[in-house]
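Heads up, the thing below is written out as structure tokens.
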Number of protein chains: 2
Amino acid sequence: MNIYDVSEKAGVSIATVSRVINGNPNVSEKTKQKVLDVMEEIGYTPNVFARGLGLNTMKTIGIMCSDSSDPFLANAVYYIERELRKNGYDSFLCCTGYELKNKQNYLNLLLSKRVDAVILVGSSFLEFNKKDNGYIINAAKEVPVMMINGYLNNPGIYCTLCDDYQSTYDAAVHFISQDKKDILYLYTSKSYSGIQKMNGYKAAVSEHLGKVNEDLIQICPGNMTASKELLLLLSKGGLKFSAVIAAEDILGVGAIKYAKEAKLTIPDELSIIGYNNSLLATCCDPELTSIDNHVETLSISTVSNLMRVLNGENVPNKITISNDLIIRNTTDFTI
Amino acid sequence: MNIYDVSEKAGVSIATVSRVINGNPNVSEKTKQKVLDVMEEIGYTPNVFARGLGLNTMKTIGIMCSDSSDPFLANAVYYIERELRKNGYDSFLCCTGYELKNKQNYLNLLLSKRVDAVILVGSSFLEFNKKDNGYIINAAKEVPVMMINGYLNNPGIYCTLCDDYQSTYDAAVHFISQDKKDILYLYTSKSYSGIQKMNGYKAAVSEHLGKVNEDLIQICPGNMTASKELLLLLSKGGLKFSAVIAAEDILGVGAIKYAKEAKLTIPDELSIIGYNNSLLATCCDPELTSIDNHVETLSISTVSNLMRVLNGENVPNKITISNDLIIRNTTDFTI
DNA sequence: TTGTACGCGTTATCAA
DNA sequence: TTGATAACGCGTACAA
């Protein structure tokens, strides 16, 4: 059931069949109908390999994401996939994990599969050591590379970011204006996003309070128990803090658990802000005030930019989308 | 940079280059090295289209999942992807949503992309109306179809299931043996899994208590607030229940919130069991006893069976994996 | 051990 | 409006 079978049954040449398939207007209505009927009848499907062989494209985008079980990334992947489909593109998904070598392998794999572009989801694709980003920069020489929450200023790389710096800056300023000056900052990852967030916090503190107390900046594994235990430990060690800004909701939930164990009232004795506005934020008790980074907008914007790039249009290298603070019961903001 | 360029530079024929690429032993070590060197030098990558055209396979598996932002499904996709990669296969991911028509379109799309097999993740791929499953049965005539948490007894379809019937049966029996006889069953979906779970509950109740009280079986949208509100309403309406079995963790969390609002102690006045043992179960307070359905095992088993199928081995049509009850603080089980 | 030549199913160019 | 044919890059049967 290939184009030859169709052409034979329809009594036309394969060229005509190809024209019908591709919507070429230079076919008489009558011939066109005949061909369509035959295709329907024998259940013909074009062979993507043969097509790809000539065109060297399969209308397919490679998506890389470090961990699809991370709710933020999973949501992003979901929206990206949906938007791509709307535009007639399919996608390859690769869950790369966090090791550089794997990321490199997967990116090469995608290129060898002749994807039309690559989307890197999440800031874990930027390495500390700048040289280690070479594989991304090289890939961008072959196909467009879109990054979500990562930023590289190189030709062929287009970045869509959320304004993590500003959100933690604002969050810290909120606390400070409530006279909560000893704000603990809790984070898990030193990814691009992670650093932006931390810088926002630091900027707010140093601008409004003078010096940043490095003891109030703590790294912590990305699970609830670790977060709770760390806070208990810090508190036992004599560290004072009346507010927590957590770079992930799950760390914020840990802070809630800590407050309960330490018999602190929320939000009076301890205020908490989480990050991502994930499901977790409404499941805990009290519910967690959290920063919403608009995954859907981020994803839609990325795909729409990609379409413009593939279309040869001129697209800015960097687009930043602002975040929202979703106020719940772990703070007494009114705003 | 195709096989001809390599053959020219290396001073051999394309056949020899092809042999080197495919690890054919009939090449002298010397020639082989020369070819490998040239490939390295000019950065040659085989063209998958040309290769696929001849072999009619691209070593690619299509994965369908209704919603990759569902934590259970996201985890499954993650593990499946990892296992496929280990076996040298890539994957196309399709997030289909819940509409039949979309599912059909996506499945056809995958077939037209010439995937080597299809994996359907999650029980939402089985329709109520049996005729509506025809598209799956048809697809199985072309390529192997693997189902996770769905069951169709047809040639070419291989199902891996978790024993949802048994888990809710056991959960209900646990409650009954504690003299908690008015067990509310809360569910969201009438998928294959959903029905298995409900049947387990019903069987336990009717075997140990006689008649099933249909008022104690309630459907509820899959979010926390809906669950809480529903329980408040039922309770106001005079319905008595001292235990809740929730078909999703999120519904269980809603039940916790309800208990707090109704000033019921947990687990004494109200015991709760959730389902999936997701992150949510440890984020709420008290932490939620939940049924763990072993996503990872489910995924590994599915991929390993698929490999055997592709290898022409004989594989059973149905494999069932048992669940675990993870005991936390919303029950006073000791076991 | 190596090379030649054909087939895979399309798209696109050119001629009719 | 239609048809014949080259080109796409690879695997492989067959010949050397």
Side-chain angles (χ1 to χ4, degrees), chain A residues 1-39 41-60 88 90 109 111-116 142-143, chain B residues 1-39 41-60 88 90 109 111-116 142-143:
Chain A
M1 29 190 168
N2 57 27
I3 205 171
Y4 290 97
D5 301 334
V6 177
S7 80
E8 194 171 333
K9 285 230 180 195
V12 297
S13 75
I14 61 161
T16 303
V17 177
S18 180
R19 287 189 190 101
V20 172
I21 294 170
N22 296 289
N24 186 314
N26 292 331
V27 186
S28 74
E29 195 54 40
K30 198 177 147 192
T31 327
K32 186 175 165 184
Q33 245 343 298
K34 198 166 48 181
V35 172
L36 286 175
D37 288 346
V38 172
M39 295 202 308
E41 183 193 333
I42 68 175
Y44 164 79
T45 333
N47 181 310
V48 285
F49 299 138
R51 178 176 280 168
L53 186 55
L55 302 179
N56 207 35
T57 160
M58 210 163 154
K59 293 277 258 178
T60 300
D90 300 308
L109 187 82
L111 294 180
S112 80
K113 292 269 175 182
R114 298 292 201 273
V115 292
D116 299 304
E142 300 191 33
V143 294
Chain B
M1 31 190 166
N2 55 28
I3 205 172
Y4 291 96
D5 301 334
V6 178
S7 79
E8 195 170 334
K9 286 228 179 198
V12 297
S13 76
I14 61 160
T16 304
V17 177
S18 180
R19 287 188 190 102
V20 172
I21 294 171
N22 296 290
N24 185 315
N26 293 331
V27 185
S28 74
E29 194 54 38
K30 198 176 148 193
T31 329
K32 186 174 165 184
Q33 242 344 295
K34 196 166 50 182
V35 172
L36 286 174
D37 288 347
V38 173
M39 295 203 307
E41 182 193 334
I42 69 175
Y44 164 79
T45 334
N47 181 311
V48 285
F49 299 136
R51 178 177 278 167
L53 188 55
L55 303 180
N56 207 36
T57 162
M58 212 164 152
K59 294 278 257 177
T60 301
D90 300 310
L109 187 82
L111 293 180
S112 80
K113 292 269 176 183
R114 299 291 202 274
V115 293
D116 299 307
E142 300 193 33
V143 295

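Every chain is numbered from 1 and lettered A, B, ... according to where its sequence line falls, protein lines coming before strand lines. Computation of the quantities below employed the complete heavy-atom set of this structure, encompassing side-chain atoms and omitting hydrogens, waters and symmetry-equivalent molecules.
Residue N22(A) has its side chain nearest to dT11(C) when only dT11(C), dT2(D), dC10(D) are considered. Closest to the side chain of L53(A), out of dG9(D), dT10(C), dC10(D), is dG9(D). When each of dT2(D), dG9(C), dC10(D) is scored by its nearest atom to the side-chain atoms of P46(B), the top-ranked nucleotide is dC10(D).
In this entry the distance linking CD1 of I14(B) with P of dC8(D) reads 13 Å, nearest Å. One atom, CG of N47(B), and another, C1' of dC8(D), lie 8 Å apart when rounded to the nearest Å. Taking atom CD on E29(B) and atom P on dT2(C), their separation rounds to 11 Å, with Å as the unit. Regarding N24(A), its CG atom lies at a distance of 11 Å from the P atom of dT11(C), rounded to whole Å. Note: CG (N56(B)) to C1' (dT12(D)) measures 16 Å, nearest angstrom. I3(A) places its CD1 atom 14 Å from the C1' atom of dT5(D), with the value rounded to the nearest Å. Distance, R114(A) CZ to dC10(D) P: 8 Å, rounded to whole Å. Atom CG of L55(A) and atom P of dG9(C) are 17 Å apart (whole Å).
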Could you go step by step and tell me if L109(B) and D90(A) meet the side chain to side chain contact (heavy atoms under 4.5 Å, CB included) rule? CA-CA 9 Å; L109(B) 187 82; D90(A) 300 308; 2.9 Å; yes
Before giving the answer on side chain to side chain contact (heavy atoms under 4.5 Å, CB included), spell out for N56(B) and N47(A) the whole-Å C-alpha distance, their side-chain angles and the decisive distance to 0.1 Å. CA-CA 9 Å; N56(B) 207 36; N47(A) 181 310; 3.9 Å; yes
Determine, step by step, whether I3(A) and I21(A) satisfy the side chain to side chain contact (heavy atoms under 4.5 Å, CB included) criterion, reporting the C-alpha distance in whole Å, the side-chain angles of both residues, the deciding distance to 0.1 Å, and the verdict. CA-CA 10 Å; I3(A) 205 171; I21(A) 294 170; 4.2 Å; yes
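Regarding contacts with the backbone of dG11(D), a side-chain N or O of S18(B) is found under 4.0 angstrom from either OP1 or OP2. Contact annotation: N2(A) side-chain N/O to dG9(C) OP1/OP2 distance is under 4.0 Å. Distances shorter than 4.0 Å separate some side-chain N or O of T31(B) from OP1 or OP2 on dT2(C). Phosphate contact (OP1/OP2 of dT1(D), side-chain N/O of N26(A), threshold under 4.0 Å): present. Between T16(B) and dT2(C) there is no side-chain N or O to OP1 or OP2 distance below 4.0 Å.
Two residues, A50(B) and R19(B), neighbour DNA chain D, and the one matched to the more 5' nucleotide by heavy-atom proximity is A50(B). Summary of the strand contacts: F49(A) and V27(B) both lie near DNA chain C, and taking for each the nucleotide with the nearest heavy atom, the more 5' one is attributed to V27(B). Two residues, Y44(A) and A15(B), neighbour DNA chain C, and the one matched to the more 5' nucleotide by heavy-atom proximity is A15(B).
On a pure distance criterion of 3.5 Å, a polar donor-acceptor pair joins the side chain of Y4(B) and the base of dC10(D).
If you check every strand for non-hydrogen atoms under 4.0 Å, V12(A) touches sugar and phosphate atoms only. Counting any heavy atom pair closer than 4.0 Å across all strands shown, T45(A) reaches sugar-phosphate atoms only and no base atom.
A distance of 10.5 Å separates NZ in K113(A) from OG1 in T60(A), rounded to the nearest 0.5 Å.
Residues N24(A) and V27(A) approach most closely at O-CG2, 3.6 Å, considering heavy atoms. Pairing each heavy atom of V48(A) with each of S112(B), the nearest pair is CG1-O, 3.4 Å.
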